[in-house]
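To start, the structure under review is shown below, and the notes come after it.
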Amino acid sequence: MRRRGLLLGATAGTGALLIGWTALPQRSRVGLASLMKPGERDIALNGWIKILPDGSVVLAMPRSEMGQGVHTALPQLAAEELDVPLTAVRIEQAGWDAVYGNVAMLVSGLPFHPREEEREDGFGRAKAGRWVVSKVARELGINATGGSSSIADAWDVVRVAAATARASLVGAASLQWRLPVEELRTTEGVVSHPSGRSATYGELAKAASATPPGTVQLKERKDWRVIGRPAPRLDVPQKVDGSARFGIDVRLPGLRYAVLRMAPALGGAPGRIDATAAMAMPGVERLVQLPAYAGSTAGFAVVARSYWQALQAVQAVRVDWSRPAGAPMDSQEILRHLEAAVRSEEGYTFHREGDPEQVAGGGRTIEAWYSAPYLAHATLEPMNATARVRDGRVEVWAPTQVPQMCRNVAARVAGVPVDHVEVHVTLLGGGFGRRLEVDYVAQAVRVAMDMGGVPVQLIWPREEDATHDFYRPAQVARLRAVVGQGGEAAALHIKSAGDAISPRWMERGLSLSGPVDLPDKTASEGLFDQPYGFEHQRIEHVFMRSGVPVGFWRSVGHSHNAFFMECFIDELAADLRQDPVAFRRTLLRRSRRHRAVLDTVVERSGWGVRPLPPGRARGLALHESFGSVVAQVAEVSLEGGRPRVHQVVCAIDCGTVINPEIVAQQMEGSVVYALAAALHGRTDIRGSVVQQRNFPDQAVLTLAAAPHVETWIVPSERPPSGVGEPGVPPLAPAVANALFALTGVRQRSLPFAS
Amino acid sequence: MDLNINGARVQVDADPAMPLLWVLRDLLELTGTKFGCGVAACGACTVRVDGQAVRSCVTPAASVAGRNVQTIEGLGTPGKPHPLQAAWIAEQVPQCGYCQSGMLMAAAALLERKPKPTDADIDAAMTNICRCGTYQRVRAAIKRAAGAKA
């Protein structure tokens, strides 16, 4: 492979060495070797890469594995640039330095319209915003896994770190052998020269750690042999033999188990507590009161020698719950408030183009109202965390998407400096955004503070998980289009209302005293930045504060906004008597990327060509989220009056693909997650109490109801974009549009089964 | 209480009413069997008792005394994985992986009863919940393992 090579020939003088150092990539996130945990026999070459004597590689891992495959995909990036087999890469949890922060996630939260970002003329608002936020993000170094951003963020930094390590290894061989770098090559963890000289990375590691990397150049696309290949996931073997360790599987000497009960009413608290009977039960050790932490509802926990004993006891505690202040929350009433808000004069304009007002006066208006309910995440592993507090130090084991926020909240709760807190990130039994919260970690630390140095594992019963989530916010939207003189869809006016997520998350996560007041992009994402070329547009949102704890739910605002948008587009097509595909194609005349994805799904699904069995219909939707464009065609019938989805064909453009097998997995998983939500998913709140308590009423999808999913990847050389979430948004509208084709009835609220 | 877990006799000191799940997890530290719902709805806690798939979160430990309990830890060995485990790897089934122990135990019970299950057999037997949506690969892996057995 062609890498412009480094090291100034065999005998590097000091001055030349300095040139090598200054050629390091911009104040980079590669980081110094001292950032990695020192091991007995391993040698760190920079902040991301260590080499073991047997030549295997340890990669610093700042991202959490919750099923999305990041513990395989990041090692693929390292294996590629280091020229080692993927199976030679192990991972080790990254430290706290800012180089491990997720810059891409923060930058993608900016509420800029794509067209504003594409503008090349000078230093516009979007460019300036991106520059500032990426600078700030780099300094903050917030280590988080979310927003389908892990690969986009790691794309440069992990490859550069691995290439830098490789350059040092080659440089070390070059110096030892007095042979020019250009003549050396690397294969499968070995540096070799045509003369026959060769050495393994393990043999060269020590010398490499003292050798500057010189000029580092990334491999060219044509030379890739790991990136873009369907490598088996590294975490699969341990997930089929029971040895994979999730948060709930942490076992420590003397470990005790805690089970909690929170006030049934969101925001309530325990009043008088009578634990006499509970404390007399076998194995029970103590009761710990839990104030409201990081957005949680207050309650208490009982500690015992096993979960079951603690559960029996916590249920035996007699408690008078105090009601939260203010009017009780009711989800139906909140939906009515949201509708009133849309009708009001309020609203923050996320995007404005052309002159929607003027056109609105002229042509025929098509209008539709859509809504979505609150919705729980329902990860299969219930919320849990393990903590030990002793000698002024706190140790936490947690299945979390935000280790740093865990560390901060643990320090606050225990009253110790942050650097007295260690957080061990375990595997996550599902995340879906729920584990961007740190309520359960704060609670575990609080319980552990009363344990005299004994470790304790706090486990939420499923019922607490279902009734004390941070729910996807309910949202209502009014969509209007104006048809121009020539019968074309000329203007689009959307106004939605719902709670802001990000500001509330920042307030509780950072424990701020005052409210954060930012236009939260998540409220309008998928609406304000929709890709269709309406000449006149106005997209606004009314931010509400219902009091219901809301959070990031897989694909966040896109999850309902795509439903609103793509169903409405279908409505327009039907109203204008156009084929839904042809209608979209016309409106996408300026977006080749979206058209290519649309064309792929049309071709692969047999849209308009392949006949369907009687009683079945197809529906289509297309949506961009997290930098990726996904189109889906759902094949639907009615069985006993209920929708049955047989097959979903997906097409995705997610930029450069790291592992096509993982992309397919994520499309399959997204379809199932989104279909459960579309058919059954709702969280009802009455008198501030969540009504759905466990899986029989928190309806999810089972194997028998799961459609067959087919994934087609549209080739792209753009940098990689998201995969974990973009498969979710198009599913609900694709199914709804199929149901319309089948029944002539529009679905305008989620879930369909209600 | 005397239990037979994965072919070995073990003695546990527990309330006879304690569900098998918590005996396995908290007393014997066999954490491969998972807690998901506590009401036999999700199947994450599925183990086999005398070959049958059983939801251990609602199975009193005393009720399995003298019977053969098999957990994911006893399904295969690293040197000799169960055909389902090999099929699970070949089909790349797991995502987060949390439900997979229960899925595998339910599938193992199914194959013992029906070595060549139809789609309808699989639909009926595999009622475990997977929130990552690995169902289509679960189905493919069961079929692959059934083929390998023949």
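Chain letters run A, B, ... following the sequence lines, proteins first, then strands; residues in each count from 1. The structure displayed is predicted, hence computed values, not measured ones.
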Which of the residues [options] is involved in the greatest number of heavy-atom pairs with chain A at under 4.5 angstrom?
options                             : answer
B/Lys34, B/Gln100, B/Met126         : B/Lys34
B/Pro94, B/Gly133, B/Gly32, B/Cys96 : B/Cys96
B/Thr127, B/Val138, B/Asp15         : B/Asp15
B/Gly74, B/Ala14, B/Cys99, B/Pro19  : B/Pro19
B/Thr77, B/Val93, B/Asn128, B/Ile72 : B/Ile72

Working to the nearest 0.5 angstrom, can you tell me the gap between [X] [atom1] and [Y] [atom2]?
X        : Y        : atom1 : atom2 : result
B/Cys42  : A/Leu380 : SG    : CG    : 5.0 Å
A/Ser306 : B/Arg25  : OG    : CZ    : 11.5 Å
B/Leu27  : A/Trp308 : CG    : CH2   : 10.5 Å

Is [X] close to chain B through its backbone or its side chain, or both, or neither, when contacts mean heavy atoms under 4.5 Å?
X        : answer
A/Pro282 : neither
A/Pro230 : neither
A/Ala378 : both
A/Ala676 : side chain
A/Ala304 : neither
A/Arg233 : both
A/Glu463 : side chain
A/Leu255 : neither
A/Ser243 : neither
A/Asn694 : side chain

Would you mind checking which part of [X] comes under 4.5 Å of any heavy atom in chain A, side chain (CB onward), backbone (N, CA, C, O), both or neither?
X        : value
B/Asp119 : neither
B/Val23  : neither
B/Ile122 : both
B/Ala17  : both
B/Gln136 : side chain
B/Thr134 : neither
B/Leu75  : neither
B/Arg137 : side chain

Write down the atom of [X], the atom of [Y], and the distance for their closest heavy-atom approach.
X        : Y        : value
A/Pro382 : B/Tyr98  : CD-OH, 3.9 Å
A/Ala706 : B/Tyr135 : CB-CD1, 3.6 Å
A/Phe695 : B/Ala41  : CB-CB, 4.0 Å

Is B/Glu73 close to A/Asp241 at the side-chain level, that is, under 4.5 Å between some pair of heavy atoms?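 No, every pair of side-chain atoms sits at 4.5 Å or beyond.
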Flag the pair B/Ile129 / A/Val700 as yes when at least one side-chain heavy-atom distance between them is below 4.5 Å, and no otherwise.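 Yes, side chains in contact.
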Donor-acceptor pair, side chain of B/Gln85 and main chain of A/Val240, under 3.5 angstrom: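 Between the backbone of A/Val240 and the side chain of B/Gln85 there is a qualifying donor-acceptor contact (under 3.5 Å).
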Just say parallel, tilted or perpendicular for the rings of A/Tyr307 and B/Trp22, cut-offs at 30° and 60°.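 Taking B/Trp22 first and then A/Tyr307, their aromatic rings lie parallel (interplane angle under 30°).
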For the side-chain contact (heavy atoms from CB on, under 4.5 Å) test, which of A/Glu65, A/Met66, A/Gln68, A/Gln666 pairs with B/Gln95?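 Among A/Glu65, A/Met66, A/Gln68, A/Gln666, the one meeting side-chain contact (heavy atoms from CB on, under 4.5 Å) with B/Gln95 is A/Gln666.
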Greatest number of heavy atom pairs closer than 4.5 Å to chain B - which of [options]:
options                                : answer
A/Glu661, A/Arg462, A/Gln665           : A/Gln665
A/Val672, A/Ile248, A/Asp235           : A/Ile248
A/Leu701, A/Val709, A/Leu427, A/Leu428 : A/Val709

So that I can tick it off, tell me whether B/Arg131 and A/Glu381 are bridged by a salt bridge, with the cut-off set at under 4.0 angstrom between side-chain N and carboxylate O.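 The answer is no: the pair does not qualify as a salt bridge.
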Salt bridge or not for A/Arg305 and B/Asp26, using N-O below 4.0 Å?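 Not counted as a salt bridge, because no side-chain N and carboxylate O are separated by less than 4.0 Å.
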